[in-house]
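A quick write-up on the structure given underneath.
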Amino acid sequence: MLLNKFFRKQEYLVLLYRLVLGYLFYFIARVLFFIYNKDILNVDGFSEFITLCYYGLAFDTTAILYVNLLFVLLSIIPVFNATSASYQKMLFYVYFVFNLIGYALNFVDFIYYKYNFSRTTISVWEVLKNESNGLQMFFRFLVSYWHVFLLFFLIAWLWMFLYKKVRITPEIFSGNKLRYIAFSVLGMLIIGTLLVGGIRGGDFKKSTRPINMVDASRHVTKIEHSDIVLNTTFAFIRTFQKNTFRKVKYSVPSDAVERYFKPIKKYTDTVAIKPNIVLFITESFGREYLGAFNKNINIPNYVGYTPFLDSLAQHSLIYTNAFANGYKSIHGMSSVLAGIPSFKDAFTSSAYSKQKIQSVVSVLNEMGYDTSFFHGSTNGSMGFLGFGNILGFDHYYGKDEYNNDDDFDGFWGIWDEPFMQFMKTTLDTKQQPFFSTIFTVSSHEPYVIPEKYEGKFPKGNIPMHQCVGYTDYSFKQFFNAAKKEPWFDNTIFIITADHANQIYYTDTYGKVGNRNTVPIMIYKPDGSLQGENNDLAQQIDIYPTILKLVGYSKPFRSWGRSLVGESSVEPFVINRGGAPYRLQRGNYMCTFDGEKAIGFYAINDLALEHNLIGNRNAEMDELEIACKAFVKDYFDRIVDRKLALD
């Protein structure tokens, strides 16, 4: 019995039990994550799910050990009264304060994953910290997703109940203190070594880096399955205080960047009269919702919810195979306006965003345009005001400038219809030429519309559909008013979205290779730009397209290509869903882990089911070089602060 006290056998066994409880509850969280998102996770049966859970044990181990470092330390240090009721009560509180905070992060992705398509990382804080109505948002989410909160508290109660089922029997220490300390130190060394191995992912090899998010893709055949393998606690911890904006270590052929992307472009087009440009970045307006963009896609029983934009598309140039370069609103702003995509973290939230940036704003300022940005939310929300200032907008119009809270939706900002009218009347006062961007707010969770329009728009099959109908109606009211103004005929209108949102047609838009698709539409009142283009297109193409349309003839920086009259750069799309980069070009999509290709898929293999990396051909080899070249030039220019041509 005395020897057991020296070895602290009882304490170590109970410590093991308490840590094992973590694995049980992380498994429960993984099951619930799957249940909430099963329509887009594409798991073929119970055995496949269990296999993914098995691979997830390594990530659970890292998360559990990180979260419990203090608890483990307090459980194994030489404390003579460690078995006392008071000391064990202190351990109880330490255990659950840290574990429940870390565990709660997984519940966020029960809902958020449908919009983000990856496990939540620390970068979400960069969005939330710009919101002044955080408490209001919390209570709204509490009401909207009460079932998630209820599940969390029920599971937390169960966890505490099971924790208390195995207790440590208090022992009065009366032995040799030196021997007790010696055995405790030995135990600390052994347990500490095991902790390091567990946190690293299971080994101590110098050649093996600590397990990271990209490692979740190693054992899966479908990219989305890596998010089942992962847990959100791990994703959050692994990205905490990480600087993802750093140069890559590999090299590429000296001509690769120029050959594939021509990042320094120069167009020779001229225009007699500089056109006005009005750019709509429509909140969460996935391509799925617009009928004109799906008429040639074989979706059984398809229904669209944008009658006005569908009619406008008949007189516009539309791109039916366009993608967002990121998954958040702030990603969309930098991609569309500056041609700077965001991958793992938002460029706008990085330490490198505060540099001179050549963008559509700076170029049009140089050309004498009046430039303005409209966003009906609280000024500064989403970081738009700050980044807008970096880009150099002459004017920012937000909820403050609108100055009428009667039209506030109660959540995000001014309803789209009145705010678009506000933009129109503001533009009426502008001297031409002008460039104006509006970032809308209404087509978004919590999926409500003005009370006076209840019943006017089809409810559809998901909450988003009614909101899409309302925003489409807002577009109609804007164009009906704007076409009466003298500036209208000399204006080019471009309509796109920041990212996609709720998916109904999961067999088409729920597949990994077809997620986060957005519309790109260019409308010119004289009818000179019309038709349907099925080439790959992306948000970063909008910036060079605008410069070509306004006749800018000087060199400028852009990784994208003009969607009008560009033949020197082959159409491509690059973005990053979760861990790997994805580059689409030609006949294939390449998935890239930041150092090498980890997969090649036929461009029409939207589910990414058949990895062709074992049968590489010359086009795939070239695609990998192109991907490496883009990523290298991207980080080189950002880190070296060469996003402008001096």
Side-chain angles (χ1 to χ4, degrees), residues 25-57 59-60 63 102-121 123-124 141 144-152 154-155 213 216-217 219-236 239 284 286 288-289 324 326-328 444-447 460-465 499-517 575-580 582 606-609:
F25 286 96
Y26 273 73
F27 172 75
I28 293 172
R30 186 172 279 111
V31 171
L32 291 172
F33 170 76
F34 170 70
I35 291 172
Y36 271 90
N37 297 284
K38 61 183 179 180
D39 290 338
I40 55 177
L41 288 172
N42 302 313
V43 174
D44 298 323
F46 177 77
S47 62
E48 186 174 59
F49 177 74
I50 292 299
T51 300
L52 295 172
C53 291
Y54 168 74
Y55 291 131
L57 287 174
F59 298 88
D60 292 352
Y103 192 63
L105 297 172
N106 294 279
F107 286 67
V108 172
D109 277 336
F110 293 177
I111 303 300
Y112 194 48
Y113 183 79
K114 293 182 179 68
Y115 313 115
N116 199 38
F117 299 120
S118 65
R119 289 283 188 167
T120 298
T121 67
S123 62
V124 73
F141 288 135
S144 299
Y145 304 115
W146 59 270
H147 44 93
V148 175
F149 285 84
L150 179 61
L151 277 171
F152 175 76
L154 288 174
I155 292 172
M213 289 182 65
S217 302
H219 304 293
V220 302
T221 56
K222 298 177 182 177
I223 298 299
E224 62 267 39
H225 287 178
S226 62
D227 291 314
I228 300 177
V229 174
L230 287 167
N231 63 74
T232 309
T233 312
F234 176 91
F236 206 82
T239 56
S284 302
E288 172 181 344
Y289 312 134
Y327 288 85
K328 297 181 176 67
H444 195 285
E445 190 276 335
Y447 312 116
N461 299 290
I462 53 177
M464 182 67 174
H465 286 161
H499 53 73
N501 199 283
Q502 288 186 320
I503 294 172
Y504 177 68
Y505 298 104
T506 55
D507 287 345
T508 300
Y509 287 100
K511 294 180 178 179
V512 176
N514 208 32
R515 290 179 183 170
N516 217 21
T517 54
N575 48 36
R576 179 172 178 166
R582 296 198 289 258
L606 298 179
L608 305 191
E609 293 180 313

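What you see below is based on every heavy atom in this structure, not just the backbone, and it leaves out hydrogens, waters and symmetry mates.
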Heavy atoms of Y36 and K114 approach each other most closely as O-NZ, 2.7 Å

For R119 and I228, which heavy atoms make the closest approach, and how far apart are they? NH2-O, 4.2 Å

Going from CZ on F49 to CG on L41, what distance comes out if it is rounded to the nearest 0.5 angstrom? 9.0 Å

CD1 of I503 to NZ of K511: how many Å apart, nearest 0.5 Å? 12.0 Å

Side-chain contact, heavy-atom cut-off 4.5 Å: N575 with N516? no

With side chains defined as the heavy atoms from C-beta onward, is the minimum distance between H465 and N461 less than 4.5 Å? yes

Please verify the inter-ring angle class for Y113 with F33; under 30° counts as parallel, over 60° as perpendicular, anything in between as tilted. perpendicular

Using a distance-only test with no angle check, is there a side-chain donor-acceptor pair under 3.5 angstrom linking Y504 and D39? no

Approximate separation, where rounding is to 0.5 Å, of I40 CD1 and F117 CZ: 5.0 Å

Donor-acceptor check, side chain of R582 to backbone of R576, threshold 3.5 angstrom: yes or no? no

Taking side chain as C-beta onward, heavy atoms only, is F59 less than 4.5 Å from T233? no

Closest non-hydrogen atom pair, A216 against L230: CB-CG, 3.5 Å

Within the 4.5 Å heavy-atom criterion, are Y26 and N106 side-chain neighbours or not? yes

Flag yes if more than 12 heavy atoms outside Y54 fall under 6.0 Å of its OH atom; otherwise flag no. no

Quick one, I155 and I28 - any side-chain contact, counting heavy atoms below 4.5 Å? yes

To the nearest 0.5 Å, tell me how far Y509 OH sits from L606 CG. 10.0 Å

Give, for atom SG of C53 and atom CZ of F46, the distance between the pair rounded to the nearest 0.5 Å. 8.0 Å

Between S144 and E445 the two heavy atoms that sit nearest each other are OG-OE2, 4.1 Å

Backbone N or O of Y505 within a donor-acceptor pair of the E288 side chain at under 3.5 Å? yes

Report the distance from atom CZ of R515 to atom OH of Y327, rounding to the nearest 0.5 Å. 7.5 Å

I need the minimum non-hydrogen distance between N514 and T508, along with the two atoms involved. ND2-O, 3.2 Å

Looking at Q502 and M464, would you say the former's side chain and the latter's main chain have a donor-acceptor pair under 3.5 Å? yes

Are T121 and F236 packed together at the side-chain level, in the sense that at least one heavy-atom pair is separated by less than 4.5 angstrom? no

Between K222 and D44, does the side chain to side chain contact (heavy atoms under 4.5 Å, CB included) criterion hold? Intermediate values first, please. CA-CA 11 Å; K222 298 177 182 177; D44 298 323; 2.9 Å; yes

Heavy-atom closest pair (Y103 atom, F107 atom, distance to 0.1 Å) is CE2-CE1, 3.3 Å

Do R30 and D60 make a side-chain contact, defined as non-hydrogen atoms from C-beta onward lying under 4.5 Å apart? yes

Stepwise side chain to side chain contact (heavy atoms under 4.5 Å, CB included) check, V43 with K38: CA-CA 7 Å; V43 174; K38 61 183 179 180; over 6 Å; no

Kindly say whether T232 contributes a backbone atom to a donor-acceptor pair with the side chain of D109 at under 3.5 angstrom? no

